[in-house]
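Chain letters run A, B, ... following the sequence lines, proteins first, then strands; residues in each count from 1. Predicted model only: the values in this text are computed from it and were never measured.
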Amino acid sequence: MTATPLAQDDPVLRLCNITKRFGALTANDGISFDLARGEVMALLGENGAGKTTLMNILFGHYSADDGSVEVFGQTLPPGQPGAALRAGVGMVHQHFTLADNMTVLDNILLGTESLWKFGLGRGAARARVAALSRDFGLEVDPDAVIAALSVGERQRVEILKALYRDARILILDEPTAVLTPQETDALFDTLRRAVALGLSVIFISHKLHEVMAISTRVLVLRHGRLVGAVATQDTDRHKLAEMMVGAEIIPPAPSKATPGVPLLMLNRVTTAGLRDVSLTLRAGQITGLAGVSGNGQGALADLLSGLAVPRAGTLEIAGDTVTDWTPRRAIAAGIGRIPEDRHKTGTIADFTLTENAILETYADIPNSRYGWMDWRGAEQRAEAIIAQYDIRCPGPGTRIRLLSGGNMQKLILGRVLEESPRVILANQPVRGLDIGAVTYVQNQLLNARDSGAAVLLISEDLDEILTLSDVIHVISEGRLSPAFPRGTMKPADLGQWMAGQGFEYAA
Amino acid sequence: MNEIVDILISASFWAAILRIASPLIFATMGELICERAGVLNLGIEGIMVMGAFAGWIAVYAGLPLWGGVAVAMLSGMAFGLIHAVLTVPFGLSQHVVGIGITLIATSSAYYAYRLSLPEVTSPPRIEPFQPVDIPGLSDIPFIGTALFSQTPLTYFAFFTVLVVAFVLYRTPLGLALRAVGENPSAVEAQGLSVTALRMGAVIVGSGLMAVGGAFLTLSAFSSFFFEMVNGRGWICIALVVFGAWSPSKAMMGALLFAGFDALQVRLQQTSFGAMVPYQVFLMIPYILSILALVLMSRRANVPAALMVPYNRGER
Amino acid sequence: MRLEAIANPTLARSIGLPVLALVATFVVGGMLAMLAGANPLLTFGLILKGAAGSKFALLETLNRATPLIFTGLAVAVAFRARLWNIGAEAQLYAGALVTILIGTKLALPGVVLIPLMGIGALVAGGLVLLGPVLLKTRLGVDEVVTTLLLNFIMLLVISMLLEGPLKDPMGMGWPKSEAIPRDARLPRLVEGLRLHWGFGIAILSAIVVWVIQTRTTLGYEIRAVGLNAAAARFAGIPVGKVMIKTALLSGGLAALAGFSEVAGLRGTLTLDLSPGFGYTGIVVAMLALLNPLGVVVSAIFVAGIFVGADGMSRAAEVPTYIADILLATALLFMVLAILLTKFRVLRG
Amino acid sequence: QDPISVAGIYTVPVEQQWVSRIHIAAEAAKAAGQITYTFSENTANTDYPRVMREYAESGVKLIVGEVFGVETEAREVVLDYPDTAFLLGSSLPADPEYPNLAVFDNYIQDASYLSGIVAGAMTQTGKIGMVGGFPIPEVSRLMHAFMAGVKETRPDAEFQVSFIGSWFDPPNAKETAFAMIEGGVDMIYAERFGVSDAAMEKGILAIGNVIDTQSEYPKTVVASALWHFEPTLQAALANIAADAFKADNYGVFSFMKEGGCSLAPLGTFAGKVPQGALDLVTEREAAIKAGTFVVEINDTDPSI
Ligand SMILES: Nc1ncnc2c1ncn2[C@@H]1O[C@H](COP(=O)(O)OP(=O)(O)OP(=O)(O)O)[C@@H](O)[C@H]1O
Ligand SMILES: Nc1ncnc2c1ncn2[C@@H]1O[C@H](COP(=O)(O)OP(=O)(O)OP(=O)(O)O)[C@@H](O)[C@H]1O
Ligand SMILES: [Mg+2]
Ligand SMILES: [Mg+2]
């Protein structure tokens, strides 16, 4: 370890001995580090290691129980985001902080002027935003309403918000978790431009190749403590993973698949977001769906989940055409669904683990009988899932809100896999998870495949698709490419299809 | 049918609409400000009662009429402060606090009235605002009588709509207010205080509601009566939704509602009115409001964070 | 300022704060009474005496709590599903109306009429709430406003009926209905005092609702829909149907308040059957944190404060309006106290 | 002799015209040392029986009030407190089964009739408006008597009747009156607060009801039919003192011949009312008091 946390001569930012407790839990434990001008510092750590908490303290959302934050030599008053903003700190939060029904420009302007001024000066602001967009490569329509923007565009707005306020230090909390590879590349381009202009960046991600690609230095948190700091050039992905988890991580290595009978078939289906799509999911096979987000993945997931019905074409399960298609039918037909957003659709935050574990099966024995809940039965079921899927939690009576994303995901996985589904829809199953959890989830999907399930894996991470899938489809503007067997396509080839090329010739 | 046309072409009918709409407009703007900032203020009915009382008693005690309006506004702001403290930093249920405020403001006004005037058996009167002709405009035939021969408070009500619309859409403060009703974290992330903005909105909004109440005692009428607000506050809550949280549309809603009220009163005297139970006329504005809501529902843009308390550090 | 959840509140906190809220209410009451020239130190005892100082006082408190239990339950059930039913008042009147229709128009023995009236009311109240709920689930119309407006419409409908077809021919022209026959009235619980079997039905309803919420799949569905409708829909819970069932249950419960007031207390239908029981039900439910059994306690608390303070106003000869002030004060202090039993206030 | 303890229970505030007359009579008796007096106002009908019991339990000798909304329940209370005298406004006649309950109502049709005579003489257009709260007998009866009076001096008079569906919404009553005035009415029967204000603003005339408001609207209120509760209260007090209180109809004590109602003095309008009308008023008043002329009691809804 060549780089020590406190080695800078003239740091733009200095954190001293930051400690933060939530009740009995110490989320940050005496953390100190410096940030130099023009540096990209990556912050690594498992889910719940305390990264977001630390950044929230730095930005003034939380006040630390101990320690201080200095920006350009000035100590920041605790608990005042306004002070951090004025001092030149800009933050892009893990969960975006945008008002969805307002325009880009209004979101950027918010809070930048004295509240008591007459007039908003939108004209001048628009010009300034346009200039910033150009300088930093952040293309976005200033008059668009946020709700109409893609995730990547929203992120650009978040960065523009910081730049508009002349931020000198940019904090990005898991900015790439929801981005497509292309968008990630664009983001990195922006960050490089920013650094070139003398800004400093703190970058949080669970994706080690990204950390390797963009950062100059890496700090690693574990259980709230700073456990390591290295210059990026002196390390590699394996070493970083080991520092994070404390043990070596073995990435999944799929064995050869033995495809079986078709379990689910789409015959020229059209829905709100799909155009004339035909697809066959076979037993014992993982079908990967690659594509730039927003090209119909959601529509396909909704269709298989039972939330949408075909407008034209048919959906066949084990040879039978379905009618009256609802989520309940989908579950009954043996489709296990891992939703894209575990917070919004996958779980009910204020339900306990037990209640969440039976969300899809509450009406069945042993969870209930004749409309009467059997809470003992339900709890036993939850306990079984907790034990088998190694969910870290105080117990089945804990509200799921208190679990980390990885553990939440394990519960969903357990809830789905315990039903021995014939078909599994896995929509972004590892988004936002740390590397340990990612490996765990992927191995579970492979196991399910090996025991004969048909898996549809939707992901924007091409590496993940290429590693896990036995056949790959690309989706673009609601159309589906032909199936490409494992090993027949390179990332660049897929990229062409993702950009929409080739579809003219496809069926 | 002729009778209805007669009503519609009489200038005094249109003048009545503006008059009846005035208190609704004040209170609707007040509620709109609160809801735009994310707080449903069910205290409106009681705050209007308090405003009606406070404004009136101040004038009765010797203050000029505009002094009464100011006192009413302050009284509304005081109850707004209680509402704001309980619902914003403490994040208590906006339903309970609102109903509690309505109860406490109403009964406090009654209690204070009885304590200050224990002996009266007939409500004392003050000299209320008189209609003021606007020079030039009020001489225009028909329009002059219909629109420009109102009491100053009515003109003030429409001026308030302009101010509210201007502030909401054309100033940094309005931008922040709208944002805090859409997504408080967005506001906090930009260095503004969610608490201060929301509390400010509730306090100022409540002040306007109270002025709406004071209109009843200082302009529409000259004495304070128990129960004289008579559900007008609840109507305003509907008007805000009806107006899809936009000041100008909400004002149109108030005018429409007042229109049906004015029409209702006049229809009762027609031959048609004699055939239909008077309750049917009284019902019309409510039924139309619901119908309008049904028609508007798809386009309504509810402030996304309405009724959601914000606690920093909680997700 | 920031609130932080307390993992394990101490007993002193859980009990001390609500007691403090009560004491604060009494202090406010004393000061207000002093303004009116009464001895502030006496008010405390007078309120207690008025609310529970005698069998009569206690039973009157329970009597006034009865409709509040029903409307409180109605609100608790609806709010659990995030169905903002502000229209318990309208549903109450719908229940009362059907009670009167069945009770006065059907010539049947009391034992048949009583259950018939109850069931009729239940159905009527449910149907009244069904409209706004269908508008909400089908067209996305905000139910806060529709249920609120229905309160006014329902009162006007009743007014029209009471001055028209339902007017009691023996009522000397007053807008009031005929009385239901003696044997179709809910029996008194205590001879000579007003408390009637409506109270028993209310307690029973609270238990039933509690069982539904905690022990049945419907209760589970209602809670899931209320906490996260999107997740519930994804998991296969029929959100629309659950909403409709919730509406029928909630509206029905509110209507039972009307049934109980008419069949147990008043015998006839008038326009002033409810002094805002529907609105107070919201407060009762929230004070109980939407817990059905808690609703019983909070309804009795709310009724007790009102009856006690009202009695105090007479004994101390201060204007009667003090009762409502104290009720509201007690409420606001109490919701705050309940919050502070679970959260601690931090700076920053 | 010790003052008799009296309690009033009112479902509306004591400002309400009707209740104010009871309240004033009681306050006067209290000032005269005849009674002690406390009251509860704005009592909901749900709470009414409880309040009755609370006063009865506290040993009050006479309870006055109004039970139009709780006739049955109130009678149950009455039976439970045989030592307390109840003098209650009620639509039902007295009943010996409730020996301690006497009923009354404001039967002031005599005065209303006389005020109608004045109104008929003062209207120019012959269009007369009437704004009421609800079409209940107490209101309808007086409106009919008033109309009968008008017909004496203005046989071709036309009447417009509106009910605002509320006892207390002066701004609404005022709007309703405005609407009538636009319709050509130049004389208005002010059953509710708010009506005289409209008349004053528009410079037309009004007739008061139950109370005299001429001092507040000196150029507007021509005449008023006044109710005097004193004879009713005094009769009850006398019976209590004599231990002779029983089920009885005290409504008659509101009749003119008992002094229960009167036409308010013309005051500011003295000399402005045609002599012919005044002569008729004097003549009819004498006849009513002598019992040779009876004003019809008609409780039907005048708007139909
Ligand atoms: N508001 C809060 N209240 C209580 N505890 C909290 C709160 N926020 C975070 N924690 C605790 O602090 C720990 C650190 O959380 P933090 O969000 O900082 O993790 P993280 O490193 O950002 O995780 P991830 O990689 O999943 O984003 C968590 O384990 C959690 O238990
Ligand atoms: N209100 C809270 N109270 C207690 N702990 C919390 C709270 N909010 C978050 N946490 C904790 O913070 C940690 C991180 O939360 P966060 O929501 O960032 O999860 P995550 O692991 O990043 O999931 P995801 O990536 O899906 O958002 C979790 O371990 C969770 O236990
Ligand atoms: Mg995080
Ligand atoms: Mg995360």
Side-chain angles (χ1 to χ4, degrees), chain B residues 40 42 46 82 85-86 89-93 95-115 118 195 226 231 234-235 237-242 277-283 285-287 289-290 293-298 300 302 307 309 311-314, chain C residues 1-5 32 35-37 75 79 84 86 131-132 135-136 139-142 144-146 148-153 155-161 163-164 276 279-280 282-283 285-287 318-329 331-332 335-336 338-340 343 345-346 348:
Chain B
L40 174 71
L42 290 181
I82 304 176
V85 167
L86 293 176
F90 284 108
L92 290 174
S93 149
H95 288 102
V96 174
V97 172
I99 290 174
I101 293 287
T102 279
L103 194 58
I104 204 169
T106 307
S107 48
S108 302
Y110 292 179
Y111 193 71
Y113 178 88
R114 185 54 81 235
L115 287 188
T195 313
F226 296 85
W234 307 130
I235 300 298
I237 290 186
L239 288 176
V240 172
V241 182
F242 177 92
Y278 68 91
Q279 290 93 344
V280 172
F281 294 114
L282 294 175
M283 231 180 272
Y286 301 109
I287 291 176
S289 295
I290 291 183
L293 283 180
V294 171
L295 295 178
M296 311 253 310
S297 59
R298 289 279 175 233
V302 196
M307 294 200 285
N311 185 13
R312 260 212 284 177
E314 210 191 21
Chain C
M1 177 189 133
R2 203 162 62 76
L3 298 177
E4 190 189 77
L32 287 173
L35 282 180
V75 172
F79 277 26
W84 307 117
I86 317 289
L135 285 182
K136 177 194 168 89
L139 299 172
V141 180
D142 181 40
V144 171
V145 176
T146 47
L148 182 67
L149 291 181
L150 269 181
N151 291 340
F152 300 98
I153 295 177
L155 268 176
L156 288 167
V157 168
I158 302 258
S159 163
M160 196 158 73
L161 292 174
E163 287 177 20
Y279 301 100
T280 315
I282 296 172
V283 166
M286 296 303 287
L287 211 50
V318 302
T320 22
Y321 307 107
I322 197 172
D324 278 337
I325 304 186
L326 290 191
L327 177 55
T329 312
L331 261 175
L332 295 178
V335 280
L336 189 58
I338 290 176
L339 176 87
L340 293 180
F343 291 89
V345 177
L346 300 179

Next item on the list: Answer with side chain, backbone, both or neither: which region of C:Val157 has an atom nearer than 4.5 Å to a non-hydrogen atom of chain B?
Entry: both
Check: Checking heavy atoms, do the side chain of C:Glu163, its backbone, both or neither come under 4.5 Å from chain B?
Finding: side chain
Check: Can you name the closest pair of heavy atoms from C:Asp324 and B:Leu103 and give their distance?
Finding: O-CG, 3.9 Å
Note to self: Heavy-atom cut-off 4.5 Å, strictly under: side chain, backbone, both or neither for C:Ile338 against chain B?
What the structure shows: neither
Checklist line | Under 4.5 Å from a heavy atom of chain C, the part of B:Ser108 involved | finding: both
Checklist line | Proximity breakdown for C:Leu32 and chain B, heavy-atom pairs closer than 4.5 Å | finding: both
Next item on the list: Please look at C:Ile322 and chain B and tell me whether the side chain, the backbone, both or neither of the residue comes under 4.5 angstrom of a heavy atom of that chain.
Entry: both
Next item on the list: Check each atom of C:Leu148 against the heavy atoms of chain B and say whether the ones under 4.5 Å are side chain, backbone, both or neither.
Entry: side chain
Note to self: I'd like to check the side chain to side chain contact (heavy atoms under 4.5 Å, CB included) partners of B:Thr102; sequence neighbours left out, ordered by chain and number.
What the structure shows: B:Glu45, B:Thr106, B:Trp234
Next item on the list: Heavy atoms only: give me the nearest C:Ala36-B:Tyr111 pair and the separation to one decimal.
Entry: CB-OH, 3.5 Å
Check: Is any side-chain heavy atom of C:Val335 closer than 4.5 Å to a side-chain heavy atom of B:Leu86?
Finding: no
Item checked: Test side chain to side chain donor-acceptor pair (under 3.5 Å) applied to B:Tyr110 - qualifying residues, sequence neighbours left out -> none
Next item on the list: Among B:Leu92, B:Ile99, B:Val96, find the one that has a side-chain contact (heavy atoms from CB on, under 4.5 Å) with C:Met286.
Entry: B:Val96
